[in-house]
S.K.: 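This is the structure, below, for whatever I ask next.
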Amino acid sequence: MNDDHDEPTTADDDTVVDAADQAHDDDSAGGFAALGLRDELLRALDDLGYEEPTPIQRETIPLLLTGQDLLGQAATGTGKTAAFALPALQMIDPGRRVPQVLVLVPTRELAVQVSEAMFKYGSELGIKVVPVFGGQPIQRQLQALDRGAHVVVATPGRALDHIGRGSLALESITTVILDEADEMLDMGFTDDIESILESTPEDRQTVLFSATMPGRITSIAKRYQRNPQRITIKHNDSESGSKANIRQTVYVVQRAHKPSALGRILDIEAPKAALVFCRTRTEVDQLTVTMNGRGYRAEALHGGMDQGQRDRVMARLRDGTAELLIATDVAARGLDVDTLTHVVNYDVPSAAESYVHRIGRVGRAGREGVAITLAEPRERRGLENIERLTKQKFEIATVPTVSDLRAKQIEMTVNAVREALASVDLEDFNTVFNALAGEDSDRNIALAAIKLVHESRGATIDELEIPDASDRLRGGKHGGDGKKFDKTKQRNTGERDRGGKGKHSGAGAGFVHVSLGRKAGVRPGDLVGAIANETGLVGREIGPIRIADAYSVVGVPEASVEHVIDKMSSTTLRGKRARVRRYTD
Ligand code: AMP
């Protein structure tokens, strides 16, 4: 990151924050109180389950509370929103419902995110936050601003529009924050930003955050900031190093789909013992409930547990009574379970070093380990930071589809039966077989037994396709930065995809339309089963599947479309004959 610097504005004042502090620091809960934040904010943070400040928060909050200007270099995922939001909220006079803080952001998405975060942090203070961005009807924004707001979070163009109309008053602004300034400049907002800054009171505090520090940023800082303190999140390279024996995979999904995506991925990975990291205690609790509901034996590990309780939880993971341990970084401190097979980052960790620290818990003593990360599209930069630190490219995998899951479940049942066939005590079960023999064919008796094995392993199918968002990793718009990632887009079917790679080529995929759907009782398994039986395609070549009321659409390899249509016209689904044709839309 430091290579991007052109010329530090105030090199003498430069503070470099070592992001690795976070993983090793021994401050416990209450870390926020030491930063000088007022009780209302501390209560809100506690409700959100934030346990301790991230490095950038620890460094910037006390500084910003003194009113000083700040030029910060930090990417998304480091906790920078709270770093600038908390001090800004603290300095607001809640009794005056006029804009006192203006946050400028590059995109509508970020405007909404920052507004939501500031609203949550300021909930106990009764702070009103209004987001304004292009693309939304201006009327709604005019009404919202008219009702009064303490904080306005805006994209530059729309902010200027409101300033021109007189709907956004700037005379009481005490703090202006530019978030992701480099993105704003890239998007051509330089003039807008300058004229906004020129319209705000001169004695304002100006806070500027940017992931990179090209000359254009430092020159804005020179013109519009007063002796800014400069803070950089530095990477500690000594911690880096690639881990050849750890398979590291990233899945990109929107936040709302994370719980189901995690469930699906773990169903396929079938970990013996996994440690799942969340950012907050609240998230730990919610996810523990969700995963237990999905049939996993999941336990939460809390920072507040005493050593005896922690030891008991770890022992349950070690002896297999628990499969998943869900924890925050703080709670997982000192956790050492040598049977651990998987580490899951439920979010991209806020410091690249914590990623290295977390995944270092698997792959010990030369064993194989797996590190899985769920990322939201906006967390591209966090992923890039980790790639830079570990000097390793992530494999971006596609969230497994229903048919991937089914194929995996079949494979596991086949393996279980195969193992049983090789067992020495097979003859002991002769009595059971003899009791049944003659009642039905040997084949049917075997099928019934297999059904029991399959079901007892919890191999039920969930039918929801989970939208994969890897195409939306932010940055594609700037000349396709996204290409930096190794988007091999493999179906990740657990058993390391032996020989199956590339078969399911997204680009060349064809689709067939089947004239039966939900009303006819059709389920994904029926479609996969019928197509696999009739055509010889394997589960992972079939999908995605969409089942509507009166029809279904199924993805199959383009080269197999005609073959599938041909074979499927002579078969039945749920007892009914289906008409099958190519689907093109
Ligand atoms: P940001 O870098 O501001 O986009 O923040 C990334 C994520 O980290 C957001 O989901 C925040 O809610 C979360 N977060 C920020 N600070 C903390 C903290 N001190 N403890 C736990 N989570 C945090």
Side-chain angles (χ1 to χ4, degrees), residues 17 19 21-23 25 27-35 37 41-62 64 72-89 103 105-107 109-123 153 177-180 183 207 209-211 231 233 253-256 258 277-287 302-303 326-333 345-352 354-355 358 373-386 474:
V17 181
D21 284 354
Q22 187 187 36
D25 195 70
D27 282 358
S28 53
F32 278 107
L35 301 181
L37 292 171
L41 293 171
L42 295 177
R43 283 204 298 275
L45 293 174
D46 195 52
D47 283 349
L48 289 167
Y50 287 16
E51 291 184 326
E52 62 168 355
T54 65
I56 191 145
Q57 290 163 1
R58 207 176 303 143
E59 211 59 45
T60 55
I61 291 173
L64 289 176
Q73 184 167 1
T76 297
T78 51
K80 76 175 146 67
T81 312
F84 65 68
L86 293 168
L89 290 166
V103 187
V105 295
T107 62
E109 190 191 29
L110 199 58
V112 171
Q113 268 165 23
V114 170
S115 303
E116 282 174 357
M118 292 191 78
F119 173 75
K120 283 190 213 150
Y121 302 147
S123 57
V153 183
I177 296 154
L178 308 177
D179 190 16
E180 305 211 349
E183 292 251 347
V207 180
F209 273 107
S210 188
I231 286 187
I233 290 277
V253 282
Q254 298 290 4
R255 183 143 211 98
K258 276 190 168 180
F277 283 100
C278 294
R279 279 200 178 114
T280 64
R281 285 197 309 268
T282 324
E283 213 166 52
V284 166
D285 288 334
Q286 284 167 354
L287 195 60
H302 279 288
I326 305 185
T328 56
D329 280 302
V330 176
R333 253 176 217 159
N345 299 297
Y346 193 61
D347 304 273
V348 177
S350 55
S354 20
Y355 176 86
R358 286 175 179 186
T373 302
L374 298 194
E376 289 170 58
R378 71 183 183 101
E379 291 175 309
R380 172 176 65 98
R381 279 181 168 160
L383 293 176
E384 284 173 1
N385 288 342
I386 297 170
R474 249 180 56 196

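Note that the coordinates shown come from a computational prediction; the quantities given were computed from them, not determined experimentally. Ligands are counted one by one from 1 in listed order, and the atoms in each one are counted from 1 as well.
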S.K.: For ligand 1, indicate whether the residue E52 contacts it via side chain, backbone, both or neither (heavy-atom separation under 4.0 Å).
M.R.: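 Near ligand 1, E52 shows its backbone, while the atoms from C-beta on stay back.
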
S.K.: For atom 7 (C) of ligand 1, which of the options E376, E283, R279 provides the nearest non-hydrogen atom?
M.R.: R279

S.K.: If every non-hydrogen atom of T81 is compared with every non-hydrogen atom of A117, which pair is closest and at what distance?
M.R.: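 Minimum heavy-atom separation between T81 and A117: CG2-CB, 4.0 Å.
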
S.K.: For the pair K258 and D347, find out whether any cationic side-chain nitrogen is under 4.0 Å from an anionic carboxylate oxygen.
M.R.: yes

S.K.: Between E283, E109, E379, E116, which is the residue that forms a salt bridge (Lys or Arg N to Asp or Glu O under 4.0 Å) with R255?
M.R.: E283

S.K.: Any nitrogen or oxygen of Q57, side chain or backbone, less than 3.5 Å from one on ligand 1?
M.R.: yes

S.K.: Minimum heavy-atom separation for L89 and G122, please, with both atom names.
M.R.: CD1-N, 3.9 Å

S.K.: Check contact between R378 and ligand 1, using heavy atoms of the residue and a distance below 4.0 angstrom.
M.R.: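 In this structure, R378 qualifies as a contact of ligand 1 - some heavy atom is under 4.0 Å.
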
S.K.: Determine, step by step, whether L48 and R279 satisfy the side chain to side chain contact (heavy atoms under 4.5 Å, CB included) criterion, reporting the C-alpha distance in whole Å, the side-chain angles of both residues, the deciding distance to 0.1 Å, and the verdict.
M.R.: CA-CA 10 Å; L48 289 167; R279 279 200 178 114; over 6 Å; no

S.K.: For F32, is at least one N or O under 3.5 Å away from an N or O on ligand 1?
M.R.: no

S.K.: To the nearest 0.5 angstrom, please state how far the CD atom of E59 sits from the OG1 atom of T54.
M.R.: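 Reported to 0.5 Å precision, the distance equals 10.5 Å.
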
S.K.: Within a distance under 4.0 Å of any heavy atom of T81, pick out the atoms of ligand 1 and give their elements.
M.R.: 1 (P), 3 (O), 4 (O)

S.K.: Quick check: E51 and ligand 1, any N/O pair under 3.5 Å apart?
M.R.: no

